[in-house]
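A note on names: the letters A, B, ... follow the listed sequences, proteins ahead of strands, and every chain is numbered from 1. Any value given below was found using the heavy atoms of this structure, including those in side chains, with hydrogens, waters and symmetry copies removed.
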Amino acid sequence: MNIEELSELLDRHGPEPEAWPSQERTPAEALLDSSSEARARLEESRRLARALAAYEVEPVAPDLARRIAAAAHAPAGAGVSLPGAWARPRFLLPQLAGLAAAALLGVYVGAANLLPGLAVAAETEDLSDLVFGNPELMEFEE
Amino acid sequence: MGERTDEELMAGIGRGDHGAFRDLIDRRLYGAISLAQRMVGERAAAEDIAQEAFLRVWRHAAKWKTPDQGGRAKFGTWFYRVVVNLCIDRKRRPRPVPLDAVAEPVDPADDALTVIQRGQVALKVASAVSDLPDRQRAALVLCSYEGHTVARAAEILSSSERAVESLLVRARRNLRKSLQPLLEKEFLD
């Protein structure tokens, strides 16, 4: 194994030897024993792993599971909201303000016909995908 | 009586068993949210995505088939695939990583400076992860954060193991490049 192959191994599987494929582990460890450059690459990989580990995710709020279950059981059109939709009212005003601003801009642009190319561009997008989501999401065992 | 498997819970949910649905949510909710949050970089969006994924479970459970019954994927594989695809769909509208994208450090032994440094590192990492192309980010989050093997990540992403390995290589190289100033700091020693 050479230095580039070791770098590739580290980028594929990370810095922990336990995660390396068994057939690559022995040659990689031999290279690490004999090469300071190899050890520098391993340290670089460890530092990246430590940085990534700093990105933690908070625990789930105690009542979130109950709210999700309630939303699923609610009759269609009953208006049970997404967990975040009404629980974070501080975000609501900026969103409404943004919506209003966008609407006003849309009326102005439409009236002035400032962006004649926009309609053509929109037609080239897969609107069903935008409206209904990625078709792969609907994949299910029938 | 032992704990029911995901597939047994799905069978129960298909019969309208609310308790089975709640058990499945309790089992899978944190995994769905942690995956989604690192994919979209925003807690509120991650919770919405998790909810949407569970709604699909509830609506489609009656049609669920295990691999033994002719289905193509185990529940966990299918469920994570749904979450990843919902995230990619959401991520088409790029936004800056907000402060709620990272958790507050919780180690009570940390001094104030360490807490601040760790928070800054976390924000920079969150931003760099968020900037990765969709499939690189998905491969990295599934393998580095969620602890899936390359083989399992390949199943979830409907891809080959070789392709996932290639995504991981490119993701880590991109991260090393974008995080280079951070990686040179003593804090990570």
Partners passing ring-ring contact (aromatic ring centres under 6.0 Å, His included) against B:Phe54 (at least two apart in sequence or in another chain): B:Phe79

From CA spacing to verdict: side-chain contact (heavy atoms from CB on, under 4.5 Å), B:Leu55, A:Ile68: CA-CA 8 Å; B:Leu55 285 178; A:Ile68 288 176; over 6 Å; no

Top contributor to chain A contacts, counting heavy-atom pairs under 4.5 Å, from B:Arg173, B:Lys124, B:Arg38: B:Arg38

Toward chain B, the part of A:Arg46 with a non-hydrogen atom under 4.5 Å: neither

Considering all heavy atoms, the nearest A:Ala51-B:Leu183 contact: CB-CD2, 3.9 Å

Under 3.5 Å donor-acceptor pairs involving side-chain atoms of residues 147-155 of chain B, not counting sequence neighbours:
from	atom 1	to	atom 2	distance (Å)
B:Thr149	OG1	B:Arg152	N	3.1
B:Arg152	NE	B:Thr77	OG1	3.3

Salt bridge flag under 4.0 Å for residues A:Glu8 and B:Arg172: no

A:Glu44/B:Arg176 ion pair, N-O < 4.0 Å: yes

Residues in residues 13-21 of chain A near chain B [non-hydrogen atoms, under 4.5 Å]: A:His13, A:Gly14

Test side-chain contact (heavy atoms from CB on, under 4.5 Å) applied to A:Val57 and B:Arg43, step by step: CA-CA 9 Å; A:Val57 170; B:Arg43 179 61 174 222; 3.3 Å; yes

Contacting moiety of B:Val129, where chain A heavy atoms sit under 4.5 Å: side chain

Largest heavy-atom contact set with chain A, pairs under 4.5 Å, which of B:Leu168, B:Val125, B:Ile33: B:Val125

Proximity breakdown for B:Arg170 and chain A, heavy-atom pairs closer than 4.5 Å: neither

Within residues 20-27 of chain B, residues adjacent to chain A where the heavy-atom gap is under 4.5 Å: B:Phe21, B:Arg22, B:Ile25, B:Asp26

